[in-house]
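Contents: one structure, followed by commentary.
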Amino acid sequence: MKELMLGNAAIARGMYEAGCKVVSSYPGTPSTEITEEAVKFPEIYCEWAPNEKVAVESAFGASLAGVRSSCAMKHVGLNVAADPVFSISYIGVKGGMVICVADDPGMHSSQNEQDSRHYARASKIPMLEPADSAEALAFTKLAFDLSEEYNTPVFLKMCTRVAHSQSVVETGERVERDVIPYVKDVHNVMTPANAKVRHPIVEERTNKLIQYAETAPINRVEMGGTKMGIITSSTSYQYVKETFGDSVSVLKLGMIWPLPEKLIRDFAAKVEKLVVVEELDPFIEEHCKKLGLEVHGKDILPMCDEFSQNLLAEKFGLPVPASRSLDENIPVRPPVMCSGCPHRGMFYTLMKQNCTVIGDIGCYTLGSAAPLLAMDINICMGASVSAEHGFNVALGKASQNKTVSVIGDSTFVHSGMTSLANIAYNQSASTVIILDNSITGMTGHQQNPTTGYNIKGDPAGKIDLEALCHAMGINRVRVVDPYDLAECDKAVREELAVDEPSVIISRRPCVLLKSVKTAPPLHVDTDKCRGCKACMKMGCPSISIRNGKAVIDETLCVGCGVCQQLCHFDALVR
């Protein structure tokens, strides 16, 4: 049956058809929908893991038990998972294991444009790279087969455009796989002696995979005009075909590591000029240069951002189609915290107290935006707590009385706990604020170990954050309601004043959760409003100024009442 399917959904369908039984992931755009779609198949056990490292290790455990398994993450999540990935490459697999990683060229929802292809080469793990939804499904099934045939995990690399675009796929039936019996093997213990024996086997495996890449159907030549030949892959292949059509010859690579050698040389010999079109780093281009080929790539095309058909046309001197434009200019709409966001009250407090705020990854990163401007830096998941500790150790009391770190509940469990352990162990007088909105918000409301529900919404184990912080050695732990500005102000002042580690849990569920009942919207008593704009200091998108008076958009306002606490004239009423 043919269906129009999202790239990520096609991967999940491929997992189902390939007989995959276990999927463990951590949500991260643009990879999240892979697991959200996979959980719809009752034959596949799916879970949200606390972080990507745990997800890879859990998937490997399932593979070790003899069943097909997978995990999914975004490109920066692969950094977290890298430790087990490199060792698993040496150990090998039993049941097929596929590691899905989604890159984000253009940084639509990421802090960098990291190119995951380098991980495939460094870890000596093969990587497949589909260019549309049909290939996403087919390559997923192929990845499981290759994993078992060559005794290796296999990377399946997506990018934002392929993950989040739709194209036609032809679905098939699920093929159940026999469980491969577990056999004890002490050589799987990666002591130096065992690892030393495994390394030559890994190198031999790579050589065999190179030979496979030479004739693999997913690496194909499409001959057209011979004045220029283009080597490309993934979404860049789509741009090349739409821009050049049959005027050029194309070598379309579906296996991006290891790369073929003879296939590329033979293709280069058939064209007058060889060009590599690839987003981000010159990965394929450098391989061609090592083969001694004269090749163009990054001398024509940029290293940064996504490509497009118009970009290729411009860079290769072709006519650029006129872009459609609207008669009126549409103002830029940067992302902001939602109306009634529980983080807003705490960030207002930190801004008011002129705190140095070391931030983390999540929707609360929007606390850095105007008018709050209440965040100084963010690095990666969990780094806020560690960085605050180092900041305070370096500057002592000069910083401790004004510096805090903020981290979400999901991110705290992901990688903030060990950072807090460092504070507790080394006793820096650091104040950590856990912004507990009872969900993983930025990636679309996934459950996490603090919510009490699993990926299907069924009751699950729940981590008690207060008890956990106490157990880690933090004596001062308090909970505040971020809708209560006076309570937040008092808590921050008191915890910054003490000479020991402390934790403030700012707790209120995300206002967008279906379980949250909002209050009726507020409105402005224009007779009382003085137009002082004090209510605007919160940066709430429900409030604006018109004709010198505050105006509340009742379609956005959730009646949180935080703005009422800023109005000295009682002009904001229910």
Side-chain angles (χ1 to χ4, degrees), residues 103 105-106 113-122 124-131 135 155 157 159 161-162 206-207 209-318 320:
D103 285 9
E113 285 188 303
Q114 174 181 312
D115 192 329
S116 295
R117 294 178 296 178
H118 297 292
Y119 269 109
R121 180 166 56 194
K124 306 180 189 298
I125 292 175
M127 176 176 276
L128 309 185
E129 189 174 28
E135 287 192 347
F155 281 121
K157 178 184 174 292
C159 68
R161 293 301 171 190
V162 179
T206 299
N207 289 331
L209 283 163
I210 291 173
Q211 295 308 309
Y212 169 80
E214 300 289 2
T215 58
I218 60 174
N219 294 335
R220 66 177 185 266
V221 174
E222 300 174 0
M223 291 304 296
T226 57
K227 285 191 175 182
M228 183 165 69
I230 296 177
I231 304 176
T232 187
S233 66
S234 186
T235 190
S236 294
Y237 166 77
Q238 308 290 2
Y239 302 146
V240 166
K241 295 300 287 184
E242 291 184 34
T243 302
F244 297 98
D246 295 329
S247 66
V248 300
S249 295
V250 175
L251 170 54
K252 194 268 186 188
L253 296 173
M255 185 176 216
I256 207 64
W257 183 261
L259 289 163
E261 298 176 2
K262 183 179 184 299
L263 180 64
I264 291 175
R265 285 197 176 99
D266 290 348
F267 177 74
K270 296 175 183 176
V271 298
E272 297 177 25
K273 179 180 180 181
L274 187 65
V275 178
V276 173
V277 176
E278 57 186 330
E279 289 180 331
L280 301 182
D281 296 342
F283 189 85
I284 303 171
E285 181 183 346
E286 289 175 354
H287 177 75
C288 292
K289 288 179 177 178
K290 287 181 180 178
L291 296 178
L293 300 174
E294 182 179 345
V295 62
H296 298 277
K298 294 306 175 184
D299 55 336
I300 302 173
L301 298 164
M303 290 273 288
C304 305
D305 214 341
E306 291 182 296
F307 289 175
S308 67
Q309 298 89 330
N310 284 1
L311 173 73
L312 295 191
E314 176 191 342
K315 296 298 183 181
F316 285 91
L318 301 177
V320 178

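Values below: every heavy atom of this structure, side chains too, minus hydrogens, waters and symmetry copies. Residues: numbered from 1 along the sequence shown.
- Taking 4.0 Å as the cut-off between side-chain N and carboxylate O, R117 and D281 do not count as a salt-bridged pair.
- Residues M127 and S116 approach most closely at CE-O, 3.5 Å, considering heavy atoms.
- In this structure, the separation between OG1 on T206 and CD1 on I125 is 9.5 Å, given to the nearest 0.5 Å.
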Side-chain polar contacts of residues 289-300 - donor-acceptor pairs under 3.5 angstrom, sequence neighbours left out - could you list them?
from: K289; atom 1: NZ; to: E285; atom 2: OE2; distance (Å): 3.1
from: H296; atom 1: ND1; to: D299; atom 2: OD2; distance (Å): 2.7
from: K298; atom 1: NZ; to: E278; atom 2: O; distance (Å): 2.7
from: K298; atom 1: NZ; to: L280; atom 2: O; distance (Å): 2.8
from: K298; atom 1: NZ; to: P302; atom 2: O; distance (Å): 3.0
from: D299; atom 1: OD1; to: G297; atom 2: N; distance (Å): 2.7

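- Residues meeting the side-chain hydrogen bond (donor to acceptor under 3.5 Å, both in side chains) test with S234, sequence neighbours left out: none.
- Here the side chains of I256 and F155 are not in contact, with every heavy-atom distance at 4.5 Å or above.
- With sequence neighbours excluded, no residue forms a side-chain hydrogen bond (donor to acceptor under 3.5 Å, both in side chains) with T232.
- Partners of E286 by salt bridge (Lys or Arg N to Asp or Glu O under 4.0 Å), not counting sequence neighbours: none found.
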Can you give the donor-acceptor pairs under 3.5 Å from side chains of residues 239-250 to other protein atoms, not counting sequence neighbours?
from: Y239; atom 1: OH; to: T235; atom 2: OG1; distance (Å): 3.4
from: K241; atom 1: NZ; to: E222; atom 2: OE1; distance (Å): 3.0
from: E242; atom 1: OE1; to: Q309; atom 2: NE2; distance (Å): 2.6
from: T243; atom 1: OG1; to: Y239; atom 2: O; distance (Å): 2.7
from: T243; atom 1: OG1; to: Q309; atom 2: O; distance (Å): 3.4
from: S247; atom 1: OG; to: F244; atom 2: O; distance (Å): 2.6
from: S249; atom 1: OG; to: G224; atom 2: N; distance (Å): 2.9
from: S249; atom 1: OG; to: G224; atom 2: O; distance (Å): 3.4
from: S249; atom 1: OG; to: G225; atom 2: O; distance (Å): 3.0

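- Scanning both residues, Q238 and A131, for their nearest heavy atoms gives NE2-O, 2.9 Å.
- In this view, V221 and M223, L251, L263, F267 satisfy the side-chain contact (heavy atoms from CB on, under 4.5 Å) rule, not counting sequence neighbours.
- P126 approaches M255 most closely through the heavy-atom pair CB-CE, 3.8 Å.
- With rounding to the nearest 0.5 angstrom, the SG atom of C288 is 5.5 Å from the CG atom of L274.
- Legend: residues meeting side-chain hydrogen bond (donor to acceptor under 3.5 Å, both in side chains) with N219, ordered by chain and number and at least two apart, are absent.
- The OG atom of S236 lies 9.5 Å from the CG atom of L311; values are rounded to the nearest 0.5 Å.
- Every side-chain hydrogen bond (donor to acceptor under 3.5 Å, both in side chains) that R121 has, sequence neighbours left out, goes to H118.
- Screening residues 264-277 for salt bridge (charged side-chain N to carboxylate O under 4.0 Å, His left out) gives K262-D266 as the qualifying pairs, with residues at least two apart or on separate chains.
- Judged as a salt bridge (Lys or Arg N to Asp or Glu O under 4.0 Å), and not counting sequence neighbours, E279 has no contacts.
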Inset, instruction - Decide yes or no on side-chain contact (heavy atoms from CB on, under 4.5 Å) for L312 and L301, but give the supporting numbers first. - result: CA-CA 8 Å; L312 295 191; L301 298 164; 3.7 Å; yes
Inset, instruction - Could you give me the CA-CA distance, side-chain angles and deciding distance for I230 and V271, then say whether side-chain contact (heavy atoms from CB on, under 4.5 Å) is met? - result: CA-CA 9 Å; I230 296 177; V271 298; over 6 Å; no
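- Contact of the H287 side chain with the V276 side chain is not registered, since no non-hydrogen atoms from C-beta on lie closer than 4.5 Å.
- Judged as a side-chain contact (heavy atoms from CB on, under 4.5 Å), and not counting sequence neighbours, the contacts of D305 are E113.
- Annotation: side chain of K157 is in contact with side chain of D115 (closest heavy-atom distance under 4.5 Å).
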